[in-house]
Amino acid sequence: MAGGIGFYFYRSRTGEPTGAGGPGGPMAPPPPPSLPGITAVAPPNLLSELPADAPAVAYVDVAALRALKNSPLGGLLDLTSPGPDADREYAEFVRQTGFDYTRDLDKAAIAFWPQSFAVEPGNGIGENRVLAVADGRFDQQKIKAYALRTGKIVPTTNPPVYEVPGNPTVSFQFLSATRIAIASGNDARRLAESLSPSPRDPVMKARLNRVAGAPIFAVARTDNLPQSFYANFANAPQLEKLARSVRGLSLAGKPAGNNIAAALDAECDSVKNAFEISTLLDGFRMVGSMALSDPKALKQMTKEQAAFVQALIRQLNITRQDRWVRLRLDITPEMLGEHKPSPLAH
């Protein structure tokens, strides 16, 4: 996620009602216990820059996570410095813009308007729209000059909006000396020009408050997604029904030593559907465990991939409370192929 901000420059309802359906509906079910060590707080001010109509928002405090850069998890979070073996194109990008996300990005708030569940290969993010507002250290003159090599300034915008062609097209503008807004996807220019903060609806606000104490979090309101989002379930009506029964998703992640404690909560429209989803997920885990017992399946994966999948199946904890389903996982360096030395090793 953190790296994605830097690479914006570089590469170019079914079921019973619930309070999640909007103001005036019945109250939502009580939330499950919060992730240990994460308290409910007001969301960071940076999120107030994002349009309130975004169905999904995410936040990452890169500065707080930078301490992980010497851990294997630093690479997973794109916080590891490229070093002497860095991709030559990225090294040239850093030289020309003066911006290296592993060093210069501090915080980022991101809004999503998903149009499809999957993106076709080679089509970037497709019609999905993304708007990010980031704090950090930016050499504005170098970045502007870099953008104008292939892009242009959009007339009559204040502050100026820069548009850079690519797949997808990217538009950006500097909001201050240390803050930038970047938009991509369908009609990115209009998205970059639409920064007009307004109050969020109470449901989205409450979901954000639950996870805002984490340095990494994301919240999605899924009760009003476009029909195209569910196109991939056309041949699986039962899966489509369960997907549509999810009214909201909340993700929170917090470092714990060299690990990351992560939890994903899904709020469903009924206890019945929550039970079916949790049962289905447990079934997937059982099938995956059986598949990994076949040596032929293991031969189709690298050692790192096999280690990750095995740890995922073994450590993933699936629980249900009322209409909530929670997936809890501690992401460890071992899951990424790193092995602790034996205490007898010298």
Side-chain angles (χ1 to χ4, degrees), residues 1-11 34-50 54 56-83 86-87 90-91 93-95 97-112 130-140 142-143 170 172-184 195 197 208-219 250-263 330-333 336:
M1 180 187 294
I5 302 298
F7 280 104
Y8 263 126
F9 293 117
Y10 175 45
R11 305 188 195 277
S34 298
L35 190 68
I38 297 177
T39 56
V41 298
N45 290 333
L46 192 61
L47 266 74
S48 65
E49 295 277 6
L50 302 176
V57 296
Y59 176 83
V60 56
D61 187 336
V62 183
L65 296 170
R66 200 163 273 130
L68 287 175
K69 69 180 182 178
N70 293 324
S71 160
L73 295 177
L76 177 66
L77 296 170
D78 287 335
L79 299 177
T80 305
S81 175
D87 179 277
Y90 181 69
F93 160 80
V94 173
R95 187 187 71 80
T97 63
F99 179 80
D100 181 349
Y101 65 83
T102 67
R103 174 194 67 207
D104 299 318
L105 181 63
D106 289 338
K107 301 175 182 179
I110 310 166
F112 304 89
V130 182
L131 174 64
V133 180
D135 283 347
R137 288 156 296 284
F138 309 104
D139 189 322
Q140 292 195 23
K142 284 187 175 182
I143 292 174
V170 172
F172 70 90
Q173 63 180 168
F174 289 100
L175 305 179
S176 72
T178 58
R179 181 167 291 181
I180 190 171
I182 314 167
S184 67
L195 289 171
L208 284 169
N209 288 348
R210 283 189 59 238
V211 295
I216 309 172
F217 64 83
V219 170
S250 302
L251 171 70
K254 178 185 173 84
N258 279 339
N259 301 343
I260 293 181
D330 287 336
I331 304 173
T332 68
L336 305 179

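L175 and A181 get closest at one heavy-atom pair: CD1-CB, 4.1 Å. The two residues A109 and L47 have their closest heavy-atom pair at CB-CD1, 3.8 Å. Here the shortest heavy-atom pairing between A58 and F112 reads CB-CE1, 4.0 Å. Pairing each heavy atom of S250 with each of V219, the nearest pair is OG-CG2, 4.2 Å. Among all heavy-atom pairs drawn from V41 and G213, the shortest one is CG2-N, 3.5 Å. Counting all heavy atoms, side chain and backbone alike, R95 lies closest to K142 at O-NZ, 4.2 Å.
For the pair P43/N209, a side-chain contact is recorded, criterion being any heavy-atom separation below 4.5 Å from C-beta on. Using a 4.5 Å heavy-atom cutoff, the side chains of V211 and L251 are not in contact. Counting only heavy atoms from C-beta outward, the side chains of Y59 and P44 approach each other to under 4.5 Å.
For the atom pair D61 CG and K107 NZ, the distance stands at 5.5 Å (nearest 0.5 Å). Annotation: the span from I110 atom CD1 to L46 atom CG amounts to 9.5 Å, rounded to 0.5 Å. Note that OG1 of T332 is 8.0 Å distant from CG of D330, once rounded to the nearest 0.5 Å. Taken from CD1 in I143 to CZ in F93, the straight-line distance is 7.0 Å, to the nearest 0.5 Å. Rounded to the nearest 0.5 Å, atoms OH (Y90) and CG (D100) are 3.5 Å apart. Between the OH atom of Y101 and the CG atom of D106 there is a distance of 15.0 Å, given to the nearest 0.5 Å.
Within the 3.5 Å criterion, the main-chain N or O of S176 finds a donor-acceptor partner in the side chain of Q140. Under a 3.5 Å cut-off, the side chain of R137 and the backbone N or O of R103 do form a donor-acceptor pair.
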